Amino acid sequence: MAVDDHPYRFERTALAADLAATHAELGPGSETGQLVAVAGRVMLKRSFGKLVFLTIRDYSGRIQLLAESSRLAGDLFERVTEVNLGDWVGGEGEVVTTKKGELSVRLDSFVVLAQIHRPLPDKWHGMTDIEARSRQRYLDLIVNDRSLAVAQARAQVLSVLRSEFSQRGFVEVETPVLLSQATGAIARPFLTHHESLDLQMKLRISLELYLKRLVVGGMERVFEIGRVFRNEGIDSTHNPEFTMLEAYQALADYHDMITLVEEVFVSVVKSVTGGTTITYRGKSIDFNPPLRRATMLELVSEAAGEPVSLDRPLEELRGLAQRHGTEVDDRWGPGRVIEAIYDEVVEGSIWEPTFVTDHPKEISPLARIHRSSPDLTERFELVIAGSEYVNAFSELIDPLDQRTRFEEQAAARAAGDLEAHPLDEDFLRALEYGMPPTGGLGIGVDRLVMLVTDTHHIRDVILFPTLRPERPPT
RNA sequence: GGGCCCGUAGCUCAAGCAGGCAGAGCAGGGGACUUUUAAUCCCAAGGUUGAGAGUUCGAUUCUCUCCGGGCCCA
């Protein structure tokens, strides 16, 4: 083997994890006769003068290299002794176990692939500061195995989601990020500018209205997994850019969506954890179907200790809200007030996965009127461990009703309510061409990854989260 | 937006309450060592204590402003 350092490529023939799996049963002092070439980053080094142990890490795991001065020709042994923690190295030799039984590659040749120019973080304590880990994710991934595992779990979740929807005939599409009007949700958009059109543009805040246009166009089952942008605060569960999955299925209603979500969530949980139960914040969550279903009015009534309905006088509902410590706005109708009570006293107390259904019409301007109650909609949210993971409807398909709802939103906005949906004329025009009955759903992917990885800060599931610049631009 | 807290060597942390020479471990440098598992041992080196201002004979420590971050509340 050549002794040139820093070669342009290295022919690796074995991964650390494969060697560990293949040779799990070897006793101390074994020789396998298997010659391999391994490569990775040096994580640990223990030097004994004429004998050096290196622990290297490749993308599969860790393996020990054993260098004996008597086996290495020329200056190869000296090169091993000069290695720094963090260097990338390659080595060839026989798979053996040491006197203490540690699986190792006993080097016959060795090459430095790349040298480190800065010291790695503490080899034992790693890097703990959440800001530093986010800014220098490459270091976090090197020294914190957990961070790599979370990144891999995220990829696994995305893979399962794609496969679950694809298997059901959903077609993955891409809709515009750059828009003149950001619609489909309530959020402040990011503004930008198109130079040659001399046009102010906005980054999307939702996928909803474009996917519905595709259903109008006859793409009966579509889904998109994409980044949406909301120009709002940053905290442990909010990043300005985050990942949504939205899916729409023609000829289906929200009951079909509940079934679909239940199946998809069980599949994701099984794929990441191997079972139907996860541990989150030290407590277990059981996804064994069927998951609990309860209407929002049932849950609010239960929490209030008295029947709560949209029929009750608004003043009574406001009084009820105030007794539960909820501030209400004078402009709110009964639906908003009931939602406020729900947000204050119900949602946070739900632990086991629960489909909360049948939201008031007032707070659901894109959902279809409930087939048995004109003040409610056919809508559900999946709530787990006090947070919402899915929002879904029987979609509102009537262009006249949709226009009325948008106008109500516009009126509320004109009255000073910033929490109102913008009107989208082209979307209304699309509905006028006829949208079939459709079930739709949206899943917050980042939160789902947090849930199944028992991670409690959104920064830990986004590789490069939004951060302020490290130093002022000046 | 409000409250509380944090920022010291590349990393993980002391010293701070009650102002008096800023210390360790790891990493990096030099040396010893043929079976380690965060190897061990010896030596030397490593600092704008986030930035700026104030109080003081003297500030990492007290005060203020700013920068960055965390937790809780809204």
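In what follows, chains are A, B, ... by sequence order, proteins preceding strands, each numbered from 1. Keep in mind it's a predicted model, so treat the numbers as computed, not measured.
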Tell me whether A:Arg336 is salt-bridged to A:Glu362, with the criterion being a basic N under 4.0 Å from an acidic carboxylate O.
no

Answer with yes or no whether the side chains of A:Ser364 and A:Arg379 bring together a donor and an acceptor at under 3.5 Å.
yes

For a quick test of reading the model: is some side-chain N or O of A:Arg468 closer than 4.0 Å to OP1 or OP2 of B:rG68?
yes

With a 3.5 angstrom cut-off on both distances, give the Watson-Crick or G-U wobble partner of B:rG28, or none if there isn't one.
none

Candidate nucleotides B:rA74, B:rU34, B:rG68, ranked by approach to the side chain of A:Leu51 - the nearest
B:rU34

Between A:Arg146 and A:Asp460 (salt bridge meaning N to carboxylate O under 4.0 Å), is one present in this structure?
no

Is any side-chain heavy atom of A:Leu297 less than 4.5 Å from a side-chain heavy atom of A:Asp358?
no

Tell me which nucleotide among B:rG69, B:rG29, B:rU12 gets nearest to the side chain of A:Met127.
B:rU12

Between B:rG3 and B:rG10, how far is it from one P atom to the other, in whole Å?
34 Å

Work out how far the P atom of B:rC26 is from that of B:rU37, and round it to whole angstrom.
14 Å

Hey, does A:Gln64 reach any base, or is it just sugar-phosphate, or nothing, if we go heavy atoms under 4.0 Å?
base

Nearest-angstrom distance from the residue atom CG of A:Asp87 to P of B:rA27
14 Å

Integer-rounded Å distance: B:rG70 C1' and A:Ile458 CD1
16 Å

Apply side-chain contact (heavy atoms from CB on, under 4.5 Å) to the pair A:Thr404 and A:Glu408, showing each step before the final yes or no.
CA-CA 6 Å; A:Thr404 304; A:Glu408 284 165 6; 3.8 Å; yes

Any base atoms under 4.0 Å from A:Arg135, or only sugar-phosphate, or nothing? Heavy atoms, all strands.
sugar-phosphate

Can you tell me, in whole Å, how much space there is between the P of B:rA15 and that of B:rU61?
15 Å

Need one value for A:Gly233: base, sugar-phosphate or nothing, where a base atom within 4.0 Å counts as base even if backbone is also close, heavy atoms only.
nothing

Does any donor atom in the side chain of A:Thr243 or A:Arg154 lie under 3.5 Å from an acceptor atom in the other side chain?
yes

Nucleotide forming a Watson-Crick or wobble pair with B:rA39, both distances under 3.5 Å:
none

The nucleotide from B:rG25, B:rG68, B:rU37 with an atom nearest the side chain of A:Thr98 is B:rU37

Between B:rC11 and B:rG54, how far apart are the C1' atoms? Round to whole Å, please.
34 Å

With a cut-off of less than 4.0 Å, is there a side-chain N or O of A:His117 near OP1 or OP2 of B:rG10?
no

In whole angstrom, what separates A:Ile116's CD1 from B:rG29's P?
11 Å

If you only use heavy atoms from C-beta on, which nucleotide in B:rG68, B:rA38, B:rU34 is closest to the side chain of A:Leu44?
B:rA38

Please determine whether a side-chain nitrogen or oxygen atom of A:His125 lies at a distance below 4.0 Å from atom OP1 or OP2 of B:rA38.
no

Complement of B:rG52, any strand, by Watson-Crick or G-U distances under 3.5 angstrom
B:rC64

Between B:rU40 and B:rG52, how far apart are the P atoms? Round to whole Å, please.
39 Å

Given the C1' atoms of B:rG19 and B:rU55, what is the spacing between them in whole Å?
11 Å

For the side chain of A:Leu85, counting heavy atoms from C-beta on, which of B:rC11, B:rA27, B:rU34 is nearest?
B:rA27

Which part of the nucleic acid, if any, lies within contact of A:Arg459, taking any heavy atom under 4.0 Å across all strands shown: a base, the sugar-phosphate backbone alone, or nothing?
sugar-phosphate

Take atom C1' in B:rA27 and the same atom in B:rA74, then report the distance between them in whole Å.
44 Å

Whole-angstrom distance between B:rA53 and B:rG2, as gauged at atom C1'
27 Å

I'd like to know if the side chain of A:Thr98 pairs up with that of A:Arg106 as donor and acceptor (distance under 3.5 Å, no hydrogens or angles considered).
no

Of all the nucleotides listed (B:rA39, B:rG69, B:rU35), which has the minimum atom distance to the side chain of A:Leu467?
B:rG69

When you check the gap from the basic side-chain N to the acidic O, do A:Arg204 and A:Glu224 get nearer than 4.0 Å?
yes

Identity of whatever pairs with B:rG46 - Watson-Crick or G-U, under 3.5 angstrom:
none

When rounded to whole Å, the CD to P distance for the pair A:Glu131 and B:rG50 reads 14 Å

If B:rA9 has a Watson-Crick or G-U wobble mate with both distances under 3.5 Å, name it; if not, just say none.
none

Roughly, in whole Å, what's the span from CG in A:Leu120 to C1' in B:rA27?
8 Å

Go ahead and name the base partner of B:rA74; Watson-Crick or wobble counts if both distances stay under 3.5 Å, otherwise write none.
none

So what does A:Thr55 touch, heavy atoms closer than 4.0 Å: a base, only the sugar-phosphate, or nothing?
nothing

Quick check on RNA chain B: between A:Thr128 and A:Phe53, whose nearest nucleotide comes earlier from the 5' end?
A:Thr128

Answer yes or no: does a side-chain N or O of A:Lys123 lie under 4.0 Å from OP1 or OP2 of B:rC26?
no

Measure CG/A:Leu139 against C1'/B:rA27 and give the value in whole Å, please.
13 Å

Whole-Å distance, A:Met43 CE to B:rC26 P, equals 17 Å

Of A:Pro121 and A:Glu327, whose nearest nucleotide on RNA chain B comes first from the 5' end?
A:Pro121

I want to verify a distance call: between B:rU37, B:rC33, B:rU34, whose nearest atom is closest to the A:Glu68 side chain?
B:rU34

Short side-chain to backbone donor-acceptor contact, A:Trp351 and A:Ser284, under 3.5 Å:
yes

Among the nucleotides B:rC11, B:rG69, B:rA27, whichever has the atom closest to the side chain of A:Asp122 is B:rC11

Within the structure shown, what part of the strands sits under 4.0 Å from A:Glu102 by heavy-atom distance: base, sugar-phosphate, or nothing?
base

Using whole Å, what does the distance between atom P of nucleotide B:rC33 and atom CZ of A:Phe48 come to?
13 Å

When you measure only distances, ignoring hydrogens and angles, does the side chain of A:Asp129 come within 3.5 Å of the base of B:rG69 through a donor and an acceptor?
no

